[in-house]
Amino acid sequence: MPRLSAATLAKVPAGVRLPDYDRSAVTAGIVHLGIGAFHRAHMAVYVDDLLKDNPDWAIVGASLRRPDTKEALEPQDGLYTIAIRDASGTRPRVIGSILKVLDANTQREELLALMASPQIRIVSLTVTEKGYCHDPATGELDQGHPDIAHDLANPTAPRSAPGMLVEALARRKAAGIAPFAVMSCDNLPSNGATVKRIVTRFAALRETALGAFVADVAFPGTMVDRIVPSTTDADRETVATLIGAQDAWPIMTEPFTQWVIEDHFPQGRPPFEKAGAQMVADVEPFERMKLRMLNGSHSTMAYLGYLAGYEYISDVMADADFVKLIHGLMTEEAMPTLDMPGVDLGAYRDELLARFRNPALKHRTWQIAMDGSQKLPQRLLGTIRERLKAGQPFERLGLGVAAWMRYVTGIDEKGENIDVRDPLAMRMMAIAAEAGDDAEALYVGLAGLTEVFGTDLADNQTFGETVATHLDDLFEMGVKETVAELVAR
Ligand code: CS2
């Protein structure tokens, strides 16, 4: 079977949607840092919808860590398939909006030169939570981060996302070229304002005047949503059969997609709204809703579900006790903290539950469990803080936190090792080893991670009692019993 590429595109069976524009006639207006599966299922698809009428907004992608996406897409001329899955089947579409992928490690100069050129008016990012080198509890730049130390010592050869952005902006400043807008598409709270604070701080550490320059750059906030499980070899075979060509890295996703964007692009932007994005003046309420409802549920299901032996989110959703727990978490604990005029939160919740049930999606609990130390603050802890302040209970959210603590011990209920992926994994496992089977000691050790819990939660007695009691139950009764007991109350 031939490899998907510009030359083989004509052989893709009729019925598979292909780029509806001349790819040789479009030019890049966007550089995207962190060209992973999420970007390729989300923003790149919106841009693909728009290129026919807006040919100067194509994307050049860059990977800051591994060159694997470049290696997969280069022989395919940047073309790849998204496969949209639900109970009714798998529908492929070929995307052409990514013109080229650069590896920041080996092509740093080419990437920085492009970012500094006037044709690039937006630099967007999906570098995951940890890619911003910040303290998740405070949202401030982590000045002790090794990549930040490296980039401050070598500002013209940066390796972190903040370092890349600031070096490109410094070059624009020196050349008298207006700055690009920086658009984070990661699941951070107030992602625009947070990333602006981090990047401006980094710039100021380089040079005061550069800090002032970056303080005036536009950092529009976004709420992004589409569930994107990692691709498996079985997925590659399915896609090859559907499109009649080999695609080294197709992207599997769900029908649902949402993008809410703060409309702040001084150098212009593609008409994202024509592709279905919502352009708003303030994106924060949407982000908060999504992080607390979708991602808070996801993380809770990931830790409890993994420990209960459920491989996929759809397996978790087949357990009536877990469904009750998640329904309650959203309805009783998250929804009352949200102020969303004009949005039917009950309908939003029901749609989320239906998406979680999608049997074709095969979204691993283990995948969502990754990097919990970077995710917990905005997904569960912010909601808990508000409930604490209002004197309201948060049993289900507290169980989610306890399940994370149980998970990061690295040993499951059968005594088998868990492959815990997290920047703090080593520290957390050392804390767990020290605590042994003492739930209270484990709670105290982990709650002492101030970059996750700040100092307020660790000192809060109600928080401590709620989480430590659930943690004790998880050890004593196991996950399924603990969930059953809580939802029966
Ligand atoms: C998930 C998200 O992996 C995770 O942590 O919760 O990636 C989730 O699928 C997306 O935010 C959905 O938009």
Side-chain angles (χ1 to χ4, degrees), residues 34 36-46 82 84-86 124-132 136 184-191 221-231 251-261 276-278 283 286-306 310-314 316-317 322 326 329-330 334 348-349 351-358 360-383 397 400-401 403-404 407-408 419-423 452:
F38 181 75
H39 173 75
R40 294 204 276 141
H42 193 263
M43 179 170 167
V45 180
Y46 287 81
I82 62 161
I84 297 172
R85 305 191 113 166
D86 61 16
S124 51
L125 302 96
T126 46
V127 293
T128 80
E129 295 86 347
K130 64 177 178 278
Y132 294 95
S184 166
C185 295
D186 280 295
N187 287 314
L188 298 178
S190 319
N191 59 9
T222 63
M223 181 265 249
V224 293
D225 190 5
R226 195 166 213 185
I227 295 175
V228 188
S230 356
T231 306
I251 304 295
M252 317 310 285
T253 189
E254 60 174 340
F256 183 92
T257 180
Q258 188 178 12
W259 197 9
V260 188
I261 309 172
Q278 292 159 260
V283 78
F286 294 93
E287 288 184 272
R288 202 173 307 121
M289 172 182 77
K290 192 249 171 177
L291 285 166
R292 292 183 179 184
M293 298 280 281
L294 189 158
N295 299 108
S297 299
H298 247 178
S299 290
T300 302
M301 286 193 281
Y303 301 116
L304 289 170
Y306 182 95
Y310 296 136
E311 187 174 6
Y312 302 116
I313 288 294
S314 51
V316 178
M317 292 298 291
F322 279 68
I326 295 306
L329 183 149
M330 290 198 270
Y348 182 70
R349 171 203 59 211
E351 188 174 32
L352 289 178
L353 292 170
R355 291 169 64 197
F356 295 156
R357 271 193 201 100
N358 186 337
L361 207 52
K362 305 239 173 291
H363 196 195
R364 284 201 154 72
T365 49
W366 178 81
Q367 182 184 341
I368 302 167
M370 274 190 258
D371 291 345
S373 68
Q374 315 292 303
K375 293 174 175 173
L376 244 52
Q378 55 274 24
R379 295 180 176 208
L380 298 175
L381 303 180
T383 326
L397 296 162
V401 177
W404 171 76
Y407 180 90
V408 300
D419 180 4
V420 177
R421 303 277 176 95
D422 193 293
V452 182

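Numbers for residues simply follow the sequence, beginning at 1. Order of listing sets the numbers, starting from 1, for every ligand and every atom in it.
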Peer 1: Name the option, out of N187, D186, I368, L291, that contains the heavy atom nearest to atom 7 (O) of ligand 1.
Peer 2: N187

Peer 1: According to side chain to side chain donor-acceptor pair (under 3.5 Å), does anything in residues 297-306 pair up with another residue at least two apart or in another chain? List the pairs.
Peer 2: S299-R379

Peer 1: Looking only at distances, please establish whether an N/O atom of ligand 1 is found under 3.5 Å from an N/O atom of R355.
Peer 2: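 No, there is no polar N/O contact under 3.5 Å.
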
Peer 1: Can you list the ligand 1 atoms lying under 4.0 Å from a non-hydrogen atom of D225?
Peer 2: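 With D225 as reference, the close atoms of ligand 1 come out as 12 (C), 13 (O).
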
Peer 1: Side chains of S230 and R364: does their closest heavy-atom pair fall under 4.5 Å?
Peer 2: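 Heavy-atom side-chain distance check fails, nothing below 4.5 Å.
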
Peer 1: Backbone, side chain, both or neither: what part of R226 comes under 4.0 angstrom of ligand 1, heavy atoms only?
Peer 2: backbone

Peer 1: Any donor-acceptor pair under 3.5 Å linking the side chain of S184 with the backbone of D186?
Peer 2: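 At least one qualifying donor-acceptor pair exists.
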
Peer 1: Under a heavy-atom criterion of less than 4.0 Å, does H363 contact ligand 1?
Peer 2: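 Contact check H363 vs ligand 1: positive.
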
Peer 1: Which ligand 1 atoms does K375 reach within 4.0 Å, using its non-hydrogen atoms?
Peer 2: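 Heavy-atom distances to K375 below 4.0 Å select 3 (O), 4 (C), 5 (O).
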
Peer 1: Could you find the nearest protein heavy atom to atom 2 (C) of ligand 1 and give me its residue, atom name and distance?
Peer 2: N295 ND2, 3.6 Å

Peer 1: Measure the shortest side-chain to side-chain distance between I227 and F256 over non-hydrogen atoms and say whether it is less than 4.5 angstrom.
Peer 2: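 Answer no - side chains too far apart.
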
Peer 1: Does even one non-hydrogen atom of Q258 get within less than 4.0 Å of ligand 1?
Peer 2: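 The answer is no, since Q258 has no heavy atom less than 4.0 Å from ligand 1.
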
Peer 1: Salt bridge check, E254 against R226: does any charged N sit closer than 4.0 Å to a carboxylate O?
Peer 2: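 E254 and R226: not salt-bridged.
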
Peer 1: Who gets closest to atom 11 (O) of ligand 1 by heavy atom: H298, K290, E254, H42?
Peer 2: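 Shortest heavy-atom distance from atom 11 (O) of ligand 1: K290.
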
Peer 1: Can you spot which of Q378, E129, K290 makes a side-chain hydrogen bond (donor to acceptor under 3.5 Å, both in side chains) with N187?
Peer 2: K290

Peer 1: Please verify the inter-ring angle class for H42 with Y46; under 30° counts as parallel, over 60° as perpendicular, anything in between as tilted.
Peer 2: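 Aromatic pair H42/Y46 classed tilted.
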
Peer 1: Looking only at distance, does R379 have an N or O less than 3.5 Å from an N or O of ligand 1?
Peer 2: yes

